[in-house]
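One structure below.
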Amino acid sequence: MANHVVISDERCKACRLCIETCPTHSLEQGSRLNKSGYQFTRFVQNGCTACGLCFYMCPEPEAITVIKDDGKSGE
Amino acid sequence: MVKHTKPKTFYEDFVRKGGPGEKNTHYCPGCGHGNVHKLIAEVIDELGIQDRVIFCSPVGCSVFAYYYFDTGNIQCAHGRAPAVGTGLARSLENSIIISYQGDGDLAGIGMGAIMHAANRGEHIAVFFVNNAIYGMTGGQMAPTTIVGQKTLTTPLGRSAGRDGFPLTMCEIINNLAAPVFIERVSLGNAARILKAKKAIKQALVNQVEKKGFSFVEILSPCPINWKMQPIEARKWLIDKLEPVFPVKNFRNGDSQVKYDPPRPVSDEEMKKLFNLEKDISIKQKEEHISEQLVKLAGFGGQGVLSGGILLANCAIAEKHNTSWLPSYGPEMRGGTANAGVIISDGQIGSPLVDNPNFFIAMNGPSLDSFEDQVLPGGTILVNSSLIERKVNRSDIKTLYAPLTEIAQQAGAVAAATVAGITMYALSTGIIAVDTIRQVIPLSIKRKALIDENLKVVDAAREYYEKNLAKT
Ligand SMILES: Cc1ncc(C[n+]2csc(CCOP(=O)(O)OP(=O)(O)O)c2C)c(N)n1
Ligand code: SF4
Ligand code: SF4
Ligand code: SF4
């Protein structure tokens with residue numbers, strides 16, 4: 001599966017730092033609220049390179065996981 | 001393949017934090033503390049040192065770091081993490097000590113602690129999160145608040161003329177000889193955060209390699225108290241904080257000072273320090289003694305304190321548990337002084353002797369002060385050279401002896417308490433006169449007076465046997 005990012009909806013505090021940082025514009029503000037009332041961030045595939053910048057920009061331990069394409073098809 | 005995810009050094013769930021967000025931090029959105037926590041946790045993972053790390057957390061927003069880090073944790077009094085870290089680093093050789101501190105904590109209330117730890121070159125890694133404000137307490141001016149910055153307590157902006165300039169901690173610590181690594185980093189953007197990780201890693205590698213004191217200052221946003229959106233706060237950090245606090249390495253190398261690690265003092269050194277090079281052979285008595293509460297009192301210069309030490313040393317030499325507690329006024333030599341000595345075969349709790357069962361009164365005021373406190377059935381030894389009156393009480397034993405004259409005739413007028421101790425030994429049988437003779441050369445500071453002191457012991461024994469033995 002292609003490079004991508006998994007956002008943990010309930011962990012995101014909607015600071016938007018990851019969105020601002022992503023060089024490929026693969027992250028955007030979502031429209032739904034999580035249980036804490038934050039309008040959590042969404043991943044949109046736009047050529048993510050799994051660079052990890054969003055991960056380092058994010059202050060939350062578990063909001064972002066970055067997955068790199070390992071050449072295998074499927075999950 | 002998972003490339004980046006939550007480091008293993010974090011707990012799976014933050015159960016101590018509790019509440020609905022058990023996997024979230026308690027930090028505000030966009031706060032830099034979360035970034036720093038992630039970097040430290042990742043580096044601990046990479047170095048494989050999770051079981052060796054002790055994380056000293058401060059007072060401030062990061063007070064609850066122990067919610068998150070699955071390492072050793074101690075939450076320290078405000079500003080004292082470097083002092084706690086010092087104790088840990090010096091006593092647990094294999095540990096890796098992190099002192100995590102905010103700017104109020106480190107550069108305000110804890111300024112003394114950090115300066116001295118740095119100056120001693122303690123083996124700790126300090127992560128100094130500088131957000132230029134007191135976060136936890138609601139945004140008061142910090143030692144690192146920049147000139148013009150508006151805070152709760154500088155609503156019109158910090159004024160250098162009124163509030164001083166911000167303290168630049170890396171520059172200040174860089175004046176000291178001992179630290180091995182000093183660097184300032186920034187959380188302004190992702191590239192800077194990756195650089196910050198490198199500095200954090202170097203500081204921890206320095207602990208693994210036992211290189212020494214490592215200091216990383218991290219410029220970090222506090223969007224809430226800066227009253228900014230998270231993205232805006234990162235920009236302000238780069239535009240406004242970085243010019244005041246230059247982001248750079250200040251030092252990276254070996255310490256100019258050779259660390260002298262603490263170690264136990266050897267028996268040989270101990271003997272030298274206490275003049276015990278000469279072995280003594282003292283017979284231990286078989287039977288247990290009843291607890292002795294001895295008080296010596298007189299004026300300064302009569303040897304009251306050193307007499308107490310002599311008695312205590314004799315008791316120690318005979319393998320009893322012993323305490324010695326001096327008490328004297330600010331005038332040490334001119335005023336009154338007393339010493340309490342407890343001798344016991346059980347455990348000694350408080351070393352205070354409020355109610356002695358043996359009281360040696362060296363002068364009149366002491367007898368006046370303490371006569372009534374002696375336990376019924378106890379003994380008062382009165383220095384009749386200086387005390388004219390008799391003891392009033394009838395429920396105690398009394399001994400009268402001209403202690404000062406006995407000492408004077410033996411050539412050591414200052415050793416009158418030695419005569420008193422000798423008579424205590426003869427009257428109670430708790431310690432042997434022979435023990436006093438053997439301990440005097442070890443216990444007395446002025447070696448020139450050893451012979452005179454021994455003569456005092458002999459003269460006191462003679463007086464006692466002649467005049468008091470039958471009483
Ligand atoms: C002995 C003591 N004095 C004062 C306080 C109040 N207090 C709590 S946090 C804090 C300042 C924290 O600021 P900083 O170190 O910059 O950390 P931040 O919260 O910004 O991360 C103060 C003064 C306290 N808890 N204990
Ligand atoms: S890994 Fe890089 S490219 Fe992919 S979403 Fe994150 S920042 Fe964007
Ligand atoms: S940086 Fe983290 S917390 Fe902030 S919006 Fe992105 S995923 Fe959410
Ligand atoms: S008050 Fe400031 S330092 Fe404290 S958690 Fe919020 S943003 Fe972070």
Side-chain angles (χ1 to χ4, degrees), chain A residues 1-30 33-41 43 45 47-75, chain B residues 1-14 17 19-42 61 67-70 187-198 220-224 228-235 237:
Chain A
M1 201 182 165
N3 298 322
H4 67 289
V5 155
V6 178
I7 304 278
S8 171
D9 302 350
E10 291 303 324
R11 309 281 84 89
C12 172
K13 284 182 180 163
C15 68
R16 316 261 175 271
L17 290 168
C18 56
I19 301 175
E20 174 83 2
T21 298
C22 177
T24 64
H25 308 289
S26 294
L27 297 165
E28 64 175 35
Q29 184 177 347
L33 296 178
N34 65 17
K35 287 196 193 106
S36 312
Y38 293 118
Q39 204 175 327
F40 56 88
T41 293
F43 175 75
Q45 187 52 272
C48 170
T49 58
C51 66
L53 296 182
C54 55
F55 173 84
Y56 285 104
M57 209 61 222
C58 177
E60 281 303 311
E62 213 178 315
I64 293 185
T65 297
V66 179
I67 317 270
K68 192 170 167 54
D69 180 7
D70 52 9
K72 292 181 201 139
S73 58
E75 268 290 50
Chain B
M1 182 191 79
V2 174
K3 196 173 161 208
H4 299 286
T5 192
K6 181 177 166 181
K8 304 246 179 317
T9 290
F10 285 128
Y11 286 112
E12 183 60 35
D13 298 306
F14 306 140
K17 174 171 171 272
E22 267 200 357
K23 286 172 186 283
N24 279 6
T25 65
H26 67 289
Y27 298 116
C28 311
C31 173
H33 279 300
N35 294 104
V36 183
H37 283 20
K38 260 168 98 171
L39 296 180
I40 293 173
E42 261 200 350
C61 283
Y67 286 171
Y68 312 118
F69 286 89
D70 185 5
L187 302 178
N189 58 29
R192 285 168 163 82
I193 290 173
L194 288 169
K195 269 198 165 168
K197 182 179 168 184
K198 281 199 183 129
S220 175
C222 173
I224 290 296
M228 294 176 197
Q229 292 303 311
I231 294 170
E232 187 192 357
R234 302 280 165 151
K235 293 208 170 86
L237 194 162

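A note on names: the letters A, B, ... follow the listed sequences, proteins ahead of strands, and every chain is numbered from 1.
A cation-pi contact, defined as under 6.0 Å to the ring centre and within 45° of the axis, is absent between A/Lys13 and B/Tyr27.
Counting only heavy atoms from C-beta outward, the side chains of B/Thr5 and A/Val66 never approach each other to under 4.5 Å.
Going from atom CG of B/Asn189 over to atom CG of A/Leu53 covers 9.5 Å, rounded to the nearest 0.5 Å. B/Leu194 CG to A/Cys51 SG: the interatomic distance, rounded to the nearest 0.5 Å, is 9.5 Å. Here A/Arg11 contributes atom CZ and B/Lys6 contributes atom NZ; the two are 8.0 Å apart, rounded to the nearest 0.5 Å. Expressed to the nearest 0.5 Å, how far NZ of B/Lys38 lies from CD1 of A/Ile64 amounts to 6.0 Å. B/Met1 contributes atom CE, which lies 9.5 Å from atom CG of A/Asp69 (distance to the nearest 0.5 angstrom). Taking CG of B/Asp13 as the reference point, atom CD of A/Glu62 lies at 8.0 Å (rounded to 0.5 Å).
Listed options A/Glu10, A/Lys35, A/Met57, A/Glu20 were ranked by heavy-atom pairs under 4.5 angstrom with chain B; first place goes to A/Met57.
Counting only distance, with no hydrogens or angles, the side chain of A/Glu60 and the backbone of B/Thr25 share a donor-acceptor pair below 3.5 Å.
Note on ring orientation: taking the six-membered ring where Trp is involved, the planes of A/Tyr56 and B/His4 are perpendicular (angle over 60°, cut-offs 30° and 60°).
Residues forming a ring pair (Phe, Tyr, Trp, His ring centres under 6.0 Å) with B/Phe69 (at least two apart in sequence, or on another chain): B/Phe10, B/His37, B/Phe55. Partners of A/Glu28 under the salt bridge (Lys or Arg N to Asp or Glu O under 4.0 Å) rule, at least two apart in sequence or in another chain, are A/Arg42.
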